[in-house]
Every structure is written in structure tokens, then in C-alpha cells.
Protein chains: 2
Amino acid sequence: MITEAEYLKNYDATRFPSPLVTVDSVLFTLHEGKLCVLMVERASQPQQGCWGLPGGFIDIARDQHTRDTALRKLTEKAGVSPSWLEQLDTFSGPDRDPRGWSLTIAWFALIAWVDCAPHIASVSDARWLPVDELDGYALAFDHQKIIETGLHRLRQKTMYSLLPVYCLPDTFTQAQLHEATEIILGQPIQRKSLIRRIEASGMLEETGESVATGARKARLWRRKPDVDIHLFSRNLLAD
Amino acid sequence: MITEAEYLKNYDATRFPSPLVTVDSVLFTLHEGKLCVLMVERASQPQQGCWGLPGGFIDIARDQHTRDTALRKLTEKAGVSPSWLEQLDTFSGPDRDPRGWSLTIAWFALIAWVDCAPHIASVSDARWLPVDELDGYALAFDHQKIIETGLHRLRQKTMYSLLPVYCLPDTFTQAQLHEATEIILGQPIQRKSLIRRIEASGMLEETGESVATGARKARLWRRKPDVDIHLFSRNLLAD
DNA sequence: GCAATAGTGTCTTTAAGACACTATCAT
DNA sequence: ATGATAGTGTCTTAAAGACACTATTGC
């Protein structure tokens, strides 16, 4: 019987073959009436030239969690950290990456288009692709499946929370939230239902300002500082 | 510019330091009116003698997914594969394991107590621990936190599905499902609500048999073969 | 004034909560 | 027959759906 200290002194982490571990993020935004996902053109092998999710290897010297890895890679590509970031799922297996048995920890993120538009416009390898046009692109590895999982999470959570506010700028109108919700869910939503939810959630507050949108001015709203997301006990579109 | 084939020929997966990757499972069951989690007494270092979740390293020669790793380890410890198995979350960081930067993929599982009682009784290192008595045990690594995350998942999902049926034997009465739901949620549930949900879910069917429970006989139910779980659009206990 | 968008009032619908009622079985 | 547990009927309640109504603004 040895002590833990003795055991650790002699421990060799490379004795057993271990999987290749990466972290990838599905970052959604809304732009011109479409739901888009941030994709990066792969500059190097493998799958060079394909479009892949922003991600990469964990830097065990710098990252305290895989969340840090996700944030680091997203900040590199989008120039800003997302408004929403949560773990999505992991994807693993011997065949998903030609380099061998691999595992990716996928994160799910949201951001307002305006918050990163300038940065993304300035780089040539990152681009917002509308999710309904992904068929036209060669996607790397199993990233198509990861995106679908992210889409499913986005739609589910939109049914029982105000998650779409994290796709909007700091201040926004009820109409913007309404449009965002309809784009994500792909069907019409009663305006009244959303307004009731804004009230009931306690997540949002009026800024006091209004903006002209062509007709009557609309009041501006923002998320209360440091407020947690509110989960409703019923879904929208319950049929 | 090199081709992918040339690149792969020269690829060395050990060039970059990579995290220690494990798979752990939170397997819950119900026994004697208590919610229990399967724990294993650690036979070797690190954290020898502590109680930990059943889990271990991925065997990249045998496991096609981390799900297979979870199943392999659970079958070793519980002697049977769980009725329910889904991915829970990942936990990572430089300090959670003394061997170095580590990552565990946590799975969430349910099984009926009777299905693995004989096997667990036959081994000395695995035991069902009631979740409300875990304070009395030295738990390994961050397994306390992983269990709490599993508990949260179990309680949330119980509010909008019939998930507790996966903690019950193949055939069961409405009263058993009712009791299971109340134990998991920790508060009384209207019998009528559950009966309505059984009907509406389309997941269950009567076996045609009845069992005596002391008074009037109760009808037996089972899950329809290969049926998917039904998600309700409202939660129980919505207040 | 009129068109257009913002915002409200209120009736209907759905599924849960509450709880009393009836049914069946062992004794 | 009685008591206990199984199972039903039905009223109330909470929140979404539907949709018509009023309010405000630019022209």
C-alpha cells in the first residue's frame, strides 16, 4: 500500500492512450431575419478548406475550465465574448476526426449581431452562415450534427424562457424580441404572450427611452444587471 | 501546402499536453422510500478509500462513444445496464484531480433497484447511498457537485415528463409511480395529475394483470416497447 | 385625417390543483 | 360490514392562444 503522495510522484499520464480532446462552440446570432451560426474556414489540416465551428485545443496552462477554452476561441474569432454561454453536449468516437479517437466538448452561445459585426467584417476566415443554407457548404467533421443539437437546444429553451434576448443588443424593443422569437421557432407567436412573459419573468426593465420605428415610438428594454434567466413552467406553442 | 494524407502520416498526438479524460456516471434508484445513488469505494490511488462515482478511463480500442465507456463501467459495478442513460455535463479544471488537469464526462442514469439488487449485494465495493445522507461519507474529487447536478436534472425532468418510470421495475402500479415522483420531487403530487399524464403521454400500457397491495387490487402498467419519452408542455408544481 | 406600428383588454382554451366521490378487495 | 387502497368526476385556477380594440406617431 502506497500513499497518495508516493503514487502521484510516479504517475505517468501518458501510459494509456487517450483521446484527442477539443472544445467547439456553436455561436448563434440573428441577422437580416435569419438565424446564423459563426463558422470558420479551416486554414490547416485536417479538413483544410472546410467550414468548421470555432474551437480548438485546451491550453492546460491557461484554461481553468473548458468554458475558458470556448471563450478564448470565440473571442479570437468574434472579437467579443458572448452574452450567453452554456455547455451543450460532447461528441466522441474513433471516426469523427481522421487523427484518431477524438472527443469534443461543445458549447452553445448567443450574441447580438451588432456586437461583433465590425470584428467579423475585418477577418476573412470567419463568417456568419444562415442555418438554413448550410447545405451549400462543406462542413468539417460532425459539425453539422453539433449545429443541429445546438439548434434544438435553442428552440426548446426559447419555448420556456426569454433566451432570445441574448441574441439582441443591450437595448431592444418588444417588437425585436418578438421577431427574434418567431425566427428561432419558425412560426408566429402571439405578441400578447411575449408581453405577459416579459412582465412575469422579472428579467427586463425599461430604459425610459423610446425609438422611432416608422410609426408610433417603441419603448426600449434592457436586461436587468446580473439577473438570472427565468424559466417558465409552460411552453409556448404547446400544441 | 500538404495533403491531408501527408499531414496525418506525420501527426503526433502526444505533442501537446492534454487533459486526463474520464467518464463518470450518476446512477440513481429508489429504495425503501429514498432516492439513492450508486457509489464505489476507491480501491486504489488517488483518493483511495473515498467513495466515488462509478467510472474510469475511455478504452479507445473498445469504446465507440463515451456512452459505451459509461455503460461498460456501470455494467461492471451494477451488473446490468440502466433503463435510462443520458449525458449530463462535463467537469474540468486543473485542481479537481491531483494527477493534473482533468476532464470528466458525466452521464446521468436511472434503474430499478430490484434489477441490480443481487449483483450489488454480491460485491463489497459498490453500494447504494441515500442522497440525503451523503454528508456522512468522504466523496472523491468533485463528485458531490456532479451528484447535485444529476439531482437537479432528475428533478427538473420529473416535472415535465414521466422520467421516474425508469426507476421502476418493468411492471408497476400507478401508486408506485406516484410514490417515486413524490420522493424525487420531495413534495406531494396530486394522484389525478399523474393519471392524466399517464394517459396523455402515450408511453405506457396496461399489462392486463393486477396485484394485491393490501386492499383493492392495482392494475399493472409497463412502458410500451421502444417508446420515446414524452415531454409535457407544462411542469408539475408550477407555483 | 390616415396609415402604420405600439400597446391593451378580455374571452377562450388547456392542463394542472384540489378534493370529494365511487369501486373493489381482504378481513 | 368495514377499512383501506384503487380509481373517477368535476370544479377551480394559471397561463397561453386568439383577436379586437385603443394609442401614438409621421406623413
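Proteins come first, then strands; the chains are lettered A, B, ... in the order of their sequence lines, and each starts at number 1.
In the set C/dG7, C/dT5, D/dA18, the nucleotide with an atom closest to the side chain of A/Gln174 is C/dG7. Looking at the side chain of A/Ala218, the nearest of the listed nucleotides C/dA6, C/dG17, D/dG7 is C/dA6. Comparing atom distances between the B/Arg234 side chain and each of D/dG17, C/dG17, C/dT14 picks out C/dT14 as nearest. For A/Arg219, the side-chain atoms get nearest to C/dG7 when compared with the rest of C/dG17, C/dG7, D/dG17. Checked against D/dT5, D/dA16, D/dG7, the side chain of A/Arg197 finds its nearest nucleotide in D/dA16. Checking D/dA15, C/dA23, C/dG17 against every side-chain atom of A/Ser233, the shortest atom distance belongs to D/dA15.
Between B/Leu194 and B/Leu162 there is a side-chain heavy-atom pair separated by less than 4.5 Å. In this structure, B/Ile105 and A/Leu103 have side chains that are in contact, with non-hydrogen atoms separated by less than 4.5 Å. Side-chain contact between B/Trp84 and B/Ile229 is present, with heavy atoms from C-beta onward closer than 4.5 Å.
Atom-to-atom, CG of B/Leu220 to C1' of D/dG7 comes out at 15 Å; the value is rounded to the nearest Å. Taking atom CE of B/Met159 as the reference point, atom P of C/dA15 lies 19 Å away to the nearest angstrom. Spacing between atom CG of A/Leu237 and atom C1' of D/dA15 amounts to 14 Å, rounded to whole angstrom units. Separating the CG atom of A/Leu177 from the C1' atom of C/dA6 is a distance of 14 Å, rounded to the nearest angstrom. In this structure, A/Gln187 places its CD atom 16 Å from P of D/dA16, rounding to the nearest Å. One atom, OH of A/Tyr160, and another, P of D/dA16, lie 15 Å apart when rounded to the nearest Å. Separating the CG atom of A/Asn235 from the C1' atom of D/dA16 is a distance of 11 Å, rounded to the nearest angstrom. Between the NE2 atom of B/His178 and the P atom of D/dG7 there is a distance of 13 Å, given to the nearest Å.
On a pure distance criterion of 3.5 Å, a polar donor-acceptor pair joins the side chain of B/Lys192 and the base of D/dG9. Side-chain atoms of B/Arg191 and base atoms of C/dG17 include no donor and acceptor less than 3.5 Å apart.
Taken over five-pair windows at either terminus, the axes of the helix from C/dG1-D/dC27 to C/dT27-D/dA1 are inclined to one another by 10° (rounded to 10 degrees).
Contact check on B/Glu41 versus B/Arg127 returns no salt bridge, with no Lys/Arg side-chain nitrogen under 4.0 Å from an Asp/Glu carboxylate oxygen. Using a 4.0 Å cut-off between a side-chain N of Lys or Arg and a carboxylate O of Asp or Glu, A/Glu209 and A/Arg219 do not qualify as a salt bridge. Using a 4.0 Å cut-off between charged side-chain N and carboxylate O, A/Arg222 and A/Glu205 make a salt bridge. The residues A/Asp125 and A/Lys77 are annotated as salt-bridged, a charged nitrogen and a carboxylate oxygen being separated by less than 4.0 angstrom. Of the charged side-chain nitrogens involved, at least one lies within less than 4.0 Å of a carboxylate oxygen, so that A/Glu86 and A/Lys157 count as a salt-bridged pair.
Using a 4.0 Å heavy-atom cutoff across all strands shown, A/Ile195 reaches at least one base atom of the nucleic acid. Within 4.0 Å of B/Ala175, counting heavy atoms only, lie sugar-phosphate atoms of the nucleic acid but no base atom.
Taking side-chain N and O atoms only, B/Gln190 has no distance below 4.0 Å to OP1 or OP2 of C/dA16.
Along DNA chain C, the nucleotide closest to A/Arg196 and the one closest to A/Ala215 are compared, and the more 5′ of them pairs with A/Ala215. Residue B/Arg216 is the one, among B/Arg216 and A/Ser193, whose nearest nucleotide of DNA chain D lies closer to the 5' end (criterion: closest heavy atom). Judged by closest nucleotide on DNA chain D, B/Thr213 is the one of A/Ile189 and B/Thr213 placed further toward the 5' end. Checking A/Thr173 against B/Ala238, the closest nucleotide of DNA chain C that is more toward the 5' end is the one next to A/Thr173.
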